[in-house]
Amino acid sequence: MNSGVRRRYDSSGERGGGVNGWKKALLAAALALILLAALLAPAFGTAGEVNLMAVNDRVRPVTVDNMPRTVGGVLYVPYTMLSTRESGINLGVNALYSTTQRTVLVTDRERGISFDLQTNTAQDLDGSPVPARAMVRNATVFVPIDYLCQYFGTISCTRTRTRHGTLIRVTNSAAILSDEMFVDAADNLLASSLQNYLESAGQGGSSGEPVPSGGMQPSDPPSGAELYLALRGGEECGECARLLEGREVRALFLFTPEQLGEQDGLIRRLVGAGHTVGLLLTGKTAEECAAQAQEGAELLAAAARCPALVASAPGLDKEGRETLQKAGYALWEADVLGEDYPSGGALVRELSPRRVSRVELGCGPGGAAFLRAALAAMAEEECQVYQPTAPELG
């Protein structure tokens with residue numbers, strides 16, 4: 001009976017033709033999909049494979065131009081994965097780009113590597129050459145991530161196969177999820193990232209191998225020095241705040257407990273405008289600063305219903321600062337002080353483009369004029385000004 005059924009279908013011209021037609025249609029569809037995959041395949045790495053990106057527990061957008069890629073056995077990622085400004089995540093290792101010098105500096109504030117995009121060389125902060133190179137492709141700068149992970153020792157890079165592509169994830173100790181847990185939790189975001197990549201490919205994304213650094217002038221990355229800005233409370237504090245807000249800049253304002261108790265209205269205004277308000281502790285011992293911090297936290301909560309998360313304790317030694325950190329405070333420690341310079345413009349011109357500076361200015365007499373000159377110089381030098389917050393300061 002089975003053979004009869006088989007013969008009936010095979011000998012029927014109508015039904016046999018239908019089966020053959022179905023097979024032909026399936027084959028044609030498969031060929032079409034193969035051709036489409038070939039067209040959409042990334043320009044680097046294995047055909048049909050897309051490298052997605054994540055920094056700690058956040059998925060980063062991927063396009064044809066910025067997708068991580070392996071060249072000569074070396075994995076390169078866009079420098080923006082390590083840029084606090086671009087990713088919004090402080091890895092402890094930050095990447096800084098200089099348009100004028102055409103360099104990318106990757107630093108943890110103590111050590112660093114500078115990639116020269118014109119000479120296709122790299123060196124550490126002491127000027128010693130290192131065996132690593134950056135790559136440039138269509139205005140995107142790529143850095144060798146595995147070498148940097150080994151150099152700094154505080155960041156790591158993993159590759160995880162997912163159903164959407166290979167996830168390239170750069171993390172530090174602040175990452176919460178393991179790679180497996182992250183892939184599971186971020187499945188929808190990874191799917192969206194893949195779709196974004198495919199759309200960029202369909203819109204005429206570029207192709208071809210990356211060229212050695214110096215082959216093309218990057219145009220998008222920021223230039224000039226990068227800095228975090230803090231101001232100590234004083235009689236011109238309100239005017240300083242208005243100057244910052246006029247340039248759409250937010251900063252950290254530091255007040256002693258005495259100042260907090262005397263300026264409720266100003267404190268509420270600063271918090272409402274989006275500035276960070278922190279505690280300026282003048283004690284010489286950890287016990288004195290802890291008592292001041294408790295008083296300041298209560299005053300800040302009463303004035304603006306705002307928790308005290310950031311503190312500055314310039315009189316404390318390392319052990320004392322660690323005690324404050326264990327108490328839950330993120331510590332501000334300036335490395336550039338306004339009083340060391342004759343003018344705001346002179347301060348800005350002395351800022352190093354090779355690292356992120358922590359600049360602290362006063363709001364006492366003349367403070368507004370000093371800040372006005374500094375802000376003008378920052379705009380002229382194309383500086384990037386960041387607001388110190390508890391997550392940023394760690």
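Note that this is a predicted model, so its numbers are computed, not measured.
Electrostatic pairing of Asp116 and Arg102 does not count as a salt bridge here, judged by no charged N lying under 4.0 Å from a carboxylate O. Remark: Asp65 engages Arg137 in a salt bridge, criterion side-chain N to carboxylate O under 4.0 Å. Under the 4.0 Å criterion applied to side-chain N and carboxylate O atoms, Asp317 and Lys284 are not assigned as salt-bridge partners.
Minimum heavy-atom separation, Asp187 to Arg163: OD2-NH2, 2.8 Å. Ala390 approaches Val310 most closely through the heavy-atom pair N-CG2, 3.8 Å.
Here the side chain of Gln292 pairs no donor or acceptor atom with the backbone of Leu281 at under 3.5 angstrom. With hydrogens and angles disregarded, a donor-acceptor distance shorter than 3.5 Å links the side chain of Asn66 to the backbone of Thr63. Side-chain atoms of Asn94 never come within 3.5 Å of backbone atoms of Val106 as a donor-acceptor pair (strictly under, hydrogens ignored). Formation of a donor-acceptor pair under 3.5 Å by the Thr323 side chain with backbone atoms of Glu319 is found in this model. Looking at Asn172, its side chain does come within 3.5 Å of a backbone N or O of Leu91 through a donor-acceptor pair. In this structure a side-chain-to-backbone donor-acceptor pair under 3.5 Å is missing from Thr160 to Asp179. Of the possible donor and acceptor atoms, none in the side chain of Thr166 sits under 3.5 Å from a partner among the backbone N and O of Arg159. When atom types are taken as modelled, the side chain of Thr70 and the backbone of Gly73 share no donor-acceptor pair closer than 3.5 angstrom. Of the possible polar contacts, none joining the Gln123 side chain to the Ser128 backbone as a donor-acceptor pair under 3.5 Å is found. Remark: the backbone N or O of Cys363 is not paired with any side-chain donor or acceptor of Glu236 at under 3.5 angstrom.
The OH atom of Tyr76 sits 12.0 Å away from the OH atom of Tyr147 when rounded to the nearest 0.5 Å.
Side-chain contact check for His275 and Glu245: at least one donor-acceptor pair (N or O, by modelled atom type) lies under 3.5 Å. With 3.5 Å as the limit, one finds no donor-acceptor pair spanning the side chains of Ser312 and Glu333. No side-chain N or O of Thr103 forms a donor-acceptor pair with one of Ser114 less than 3.5 Å apart.
Pairs engaging residues 355-376 under the salt bridge (Lys or Arg N to Asp or Glu O under 4.0 Å) rule: Arg232-Glu360, Glu239-Arg372, Asp335-Arg355 [sequence neighbours left out].
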Q: Start with the C-alpha gap between Asp57 and Arg169, add the side-chain angles, then the distance that decides, and say whether salt bridge (Lys or Arg N to Asp or Glu O under 4.0 Å) holds.
A: CA-CA 9 Å; Asp57 300 302; Arg169 188 184 182 205; 2.8 Å; yes
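The environment of Gln150 atom CD is sparse: at most 12 non-hydrogen atoms of other residues, nucleotides or ligands sit within 6.0 angstrom.
Side chains of Val93 and Leu148 form no contact here, defined as non-hydrogen atoms less than 4.5 Å apart.
Connection of Leu337 to Leu347 is not established within any shared hydrophobic cluster, with ILVMFWY side chains joined at heavy-atom distances below 4.5 Å, either directly or through further cluster members.
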